[in-house]
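Structure, as structure tokens:
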There are 2 protein chains.
Amino acid sequence: MAVTGDCAREPAAEMFDLANFLPYLLNRAGARLAIAWTQESRQLGVALQEWRVLAALLSRQPQRMSELAAMTTIDRTTLSRLVSRMEENGLVSRGRSGEDGREVQIELTEKGVKVGNGMLPLAGRYENTALEGFTPAEARAFKDMLKRVFDNLDRL
Amino acid sequence: MAVTGDCAREPAAEMFDLANFLPYLLNRAGARLAIAWTQESRQLGVALQEWRVLAALLSRQPQRMSELAAMTTIDRTTLSRLVSRMEENGLVSRGRSGEDGREVQIELTEKGVKVGNGMLPLAGRYENTALEGFTPAEARAFKDMLKRVFDNLDRL
DNA sequence: TATTGTTATACTCTATAACTATA
DNA sequence: TATAGTTATAGAGTATAACAATA
């Protein structure tokens with residue numbers, strides 16, 4: 001029992017270098033970004049998760065609920081209610097489109113497109129600030145690495 | 001009204017490349033990691049946020065609440081109750097240490113050290129899986145970039 | 001029977017603000 | 001008065017499971 005209160009603290013000191021632990025770095029950077037974005041985007045009346053849905057749909061629409069959930073990494077049950085709220089606020093519309101009657105197609109309304117587009121300059125600023133001091137080649141390499149990490153994590 | 005249902009969808013198609021938007025990539029990679037870790041670490045009886053506290057303290061202890069909050073990016077009010085829960089579970093101990101009577105020093109108990117150390121192999125596996133296919137130099141560069149991004153975001 | 005999406009529940013996280021105690 | 005930490009409350013996210021409708 002090497003390890004109590006006052007004396008031997010090596011077991012903790014011994015080994016864990018949090019500052020170079022990838023999950024820590026990833027979470028830390030992501031959290032700082034989310035906090036800043038949450039504060040700014042609230043003034044625009046759009047919560048972070050709502051912006052994620054808007055951004056996903058700005059990038060491609062319409063999308064089914066399951067596609068949208070995968071793209072935004074938002075839980076399906078959460079997304080269902082989130083989309084309901086956004087529907088009430090007139091940002092998106094739900095429609096059952098043709099082929100498979102179970103599927104729901106989500107689409108931006110005119111207002112949703114306008115609000116989403118209005119946030120793009122802010123998004124651009126975040127992109128630029130985050131990558132300040134990066135050369136274009138570095139930025140590309142960094143993003144590619146993030147994608148590789150994402151794919152690698154599939155194997156967990 | 002350029003932008004409804006069927007016809008003109010350029011405004012959305014026009015411009016937003018989510019797949020290369022840094023905040024998106026960062027959140028996506030972080031979320032996938034968090035989801036996988038949450039599932040696995042629950043079997044060990046330790047929630048993700050609890051692991052973050054353990055890891056921070058394994059890396060350096062004792063720490064004050066505010067240090068711990070900064071290191072884990074966990075909100076202070078959340079952290080306060082989280083630490084209370086962990087105290088009840090015998091993982092950490094709170095102590096008011098000397099100099100400034102307002103400060104609270106958090107420390108791992110013997111059990112906390114044991115549980116934390118027991119999770120290190122799992123942490124190592126995550127690190128390795130996430131960085132599969134990276135050369136050591138790439139991994140180092142990637143982590144340095146993450147740190148730069150984190151620092152850049154301070155300016156937002 | 002399997003899949004897509006919704007709803008219910010209970011728990012946790014977050015944000016704000018009010019509070020205690022130290023300084 | 002300012003700071004470190006706690007607590008209260010309300011709103012939002014998450015996990016599980018149950019459910020409806022469709023396939």
Side-chain angles (χ1 to χ4, degrees), chain A residues 27-28 30-43 45-53 62-89 91-107, chain B residues 27-28 30-53 62-89 92-107:
Chain A
N27 171 68
R28 197 173 70 127
R32 166 151 300 183
L33 214 147
I35 289 168
W37 180 271
T38 296
Q39 290 174 347
E40 287 205 72
S41 71
R42 183 166 13 198
Q43 297 164 0
V46 177
L48 176 58
Q49 301 276 62
E50 291 176 351
W51 154 252
R52 287 190 176 136
V53 171
Q63 288 193 56
R64 293 183 297 117
M65 289 298 284
S66 52
E67 292 174 316
L68 210 45
M71 197 161 193
T72 57
T73 3
I74 296 174
D75 183 87
R76 276 135 203 243
T77 66
T78 303
L79 184 62
S80 186
R81 278 169 307 164
L82 178 56
V83 165
S84 297
R85 239 181 298 144
M86 293 178 74
E87 209 176 6
E88 287 166 23
N89 295 336
L91 294 171
V92 301
S93 68
R94 252 186 260 242
R96 308 202 94 93
S97 92
E99 305 150 18
D100 188 325
R102 292 170 301 182
E103 294 176 357
V104 173
Q105 300 283 349
I106 313 298
E107 211 170 20
Chain B
N27 171 68
R28 197 174 69 129
R32 167 152 300 184
L33 213 147
I35 289 168
W37 181 271
T38 295
Q39 290 174 346
E40 287 205 73
S41 71
R42 184 167 10 201
Q43 298 164 358
L44 302 172
V46 177
L48 177 58
Q49 302 277 63
E50 292 176 351
W51 155 251
R52 287 189 177 136
V53 171
Q63 288 193 57
R64 293 184 296 118
M65 289 299 284
S66 51
E67 294 174 315
L68 210 45
M71 197 160 193
T72 57
T73 5
I74 295 174
D75 183 87
R76 276 135 202 246
T77 65
T78 304
L79 184 62
S80 186
R81 276 166 309 163
L82 179 55
V83 166
S84 297
R85 238 180 300 143
M86 293 177 74
E87 210 176 7
E88 287 166 24
N89 295 336
V92 301
S93 68
R94 250 186 263 242
R96 307 202 96 92
S97 92
E99 305 149 18
D100 189 325
R102 293 171 300 184
E103 295 177 358
V104 172
Q105 300 283 349
I106 313 299
E107 210 170 20

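Quick note on labels: first sequence line is chain A, next is B, and so on, each numbered from 1. Everything numeric in this text was worked out from a predicted model, so none of it was measured.
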Check the distance between [N]'s [atom2] and [X]'s [atom1] and give it to me in whole angstrom.
{"X": "B:R52", "N": "C:dC13", "atom1": "CZ", "atom2": "C1'", "value": "11 Å"}
{"X": "A:M65", "N": "C:dT3", "atom1": "CE", "atom2": "C1'", "value": "15 Å"}
{"X": "A:Q39", "N": "C:dT14", "atom1": "CD", "atom2": "P", "value": "13 Å"}
{"X": "B:L79", "N": "C:dT14", "atom1": "CG", "atom2": "C1'", "value": "13 Å"}
{"X": "A:R102", "N": "C:dT4", "atom1": "CZ", "atom2": "P", "value": "6 Å"}
{"X": "B:D75", "N": "C:dT16", "atom1": "CG", "atom2": "P", "value": "9 Å"}

Under 4.0 Å between any heavy atoms, over every strand shown, what does A:E99 touch: base, sugar-phosphate, or nothing? Just pick one.
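Sugar-phosphate: the residue A:E99, judged by heavy atoms under 4.0 Å, touches backbone atoms but no base.
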
Result of checking A:M65, A:Q63, A:M71 against A:E67 for side chain to side chain contact (heavy atoms under 4.5 Å, CB included):
A:Q63

Range on DNA chain D touched by chain B - first to last nucleotide, heavy-atom distance under 4.0 Å
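First and last nucleotides in contact are D:dA2 to D:dT16.
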
Which heavy atom of A:S41 sits nearest a heavy atom of A:L48, and at what distance?
OG-N, 4.3 Å

Shortest non-hydrogen contact from A:A69 to A:R76?
CB-CG, 4.1 Å

Give every pair of a protein N or O atom and an N or O atom of nucleotides 7-12 of chain C that lie under 3.5 Å apart, one pair per line with the distance.
none

For A:T38 and for A:R96, find the nucleotide of DNA chain C with the closest heavy atom, then tell me which residue's nucleotide is more 5'.
A:R96

